[in-house]
Amino acid sequence: MRNLGLDIARSLALLMVLVSHSRMFFTKFGDVQFLSFNGLLGVELFFVLSGFLIGGIIIRDLIEGNGSLVNFYSRRWLRTLPAYFLVLSIVVIISIWNQQKWYFQHYLFIQNFNYEQLGFFGVAWSLSIEEWFYLLTAPCFLILMTIWKLNRKTLFFGFCISVILLSIAAKIIYTYQINPPWDAGVRKQIFLRMDSLMFGVLLAGIRHYFKTFYERISSTHLFGVSLTITIFLVLYYVFELDSGKDRMNYSIIGRTILFDAISFGFMLMIWSLEKSKRLNNLKGRLRKVGSIIALTSYAVYLIHLEIFSFVNQKVESIHSIPSMFLVLFSTLVITFILAFGLHQYWEKPFMKLREKRSTRVANRKATRLKTHRQ
């Protein structure tokens, strides 16, 4: 059975991203930049959640298990890459048809290294950070286990905390030395953002190695602290940092530890939601809706910005706020329908292939182990 708490976290992250990007429909009616905090929070929540899920797999299969890197990467990439490459290729074909610029770097997940390329297929920057994180983290754990004969728990937490502290230090030094813009120069730079996902991995370690402590902490208290942190940071972002406008580019805090404060708050939120028995024992419509949104969230994330941008160009003549809300609602319905089709007829077959491959690998291992014992 799916964890409803994690489905709610994923759905919340998607909702915040959608709210942020829907601003484009309403800029003609006034300043709606303050809503951009949703995009900042939504992506950070996705990062921490991805780290938590991948951290659990790393612990189970690589650190404490006998899994291989090949199986680890094949499972991860059969989940993320088919839909990404399909949508990217469609966007590229449309760009070529319209004689617009496109970049092959998106196929290699290296577009984040060039500010100019970040404008094309705008949601891909966060996926690039995640893919690089998957690529680097798993082998690092295995290499460290080979080099240092430490207790695995000690090694795990030592590595997680080191990555977080090094990422914070790198952001601070880079900001002081280079003075980059906060969005393209810091937020979307791969090697400055490993800490956000690592907060999720750290939580997975707490869940695995300190089960009693993990379960003992009150879900209500965790959620309350998380909500307090999040509200404070939203107010700080909106009023002190002017909702990510030019003032943000001169803020040391806004370009450095703000990301980590958000990630820490969401780490506590995921902790609360994942372990909440009251929440996860719920049945009925809420569970079904949460499950559907969560299952299609990746597809929605991939396609929504391109659809929003296309529709927004076609409704420039609309100058009524109620009419624009109707346009937005219709656009969201179309987006979710297309995303459901993408999930059902493209993602799902690859996910089934992934499970079949994993079963074959597990059976081969079991056979080898049985033969070795004989």
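Note that this is a predicted model, so its numbers are computed, not measured. Residue indices begin at 1 and follow the sequence shown.
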Between the side chains of Glu355 and Arg75, is the shortest nitrogen-to-carboxylate-oxygen separation below 4.0 Å, so that they form an ion pair? yes
Is the distance between the ring centroids of Phe141 and Phe156 under 6.0 Å? yes
Phe266 side chain reached by Met269 side chain, heavy atoms, under 4.5 Å: yes
For Arg255 and Asn249, indicate whether the former's side chain and the latter's backbone hold a donor-acceptor pair under 3.5 Å. yes
Closest non-hydrogen contact found for Glu274 with Asn280 is O-ND2, 3.2 Å
For Phe25 and Phe325, I'd like to know if the aromatic rings sit close, meaning centre-to-centre distance below 6.0 Å. no
Got a salt bridge between Lys277 and Glu215, using NZ or NE/NH1/NH2 to carboxylate O under 4.0 Å? yes
Could you check if a side-chain atom of Phe121 sits within less than 4.5 angstrom of a side-chain atom of Val87, using non-hydrogen atoms only? yes
Any donor-acceptor pair under 3.5 Å from Ser74 side chain to Val70 backbone: yes
Answer yes if the ring centres of Trp132 and Phe191 are under 6.0 angstrom apart, and no otherwise. yes
Pairing of Arg193 and Glu44 as salt bridge, 4.0 angstrom limit: yes
Between Leu144 and Leu155 the two heavy atoms that sit nearest each other are O-CD1, 3.4 Å
Is any side-chain heavy atom of Leu45 closer than 4.5 Å to a side-chain heavy atom of Ile270? yes
Any idea how Trp77 and Tyr73 line up, ring-wise: parallel (<30°), tilted (30 to 60°), or perpendicular (>60°)? parallel
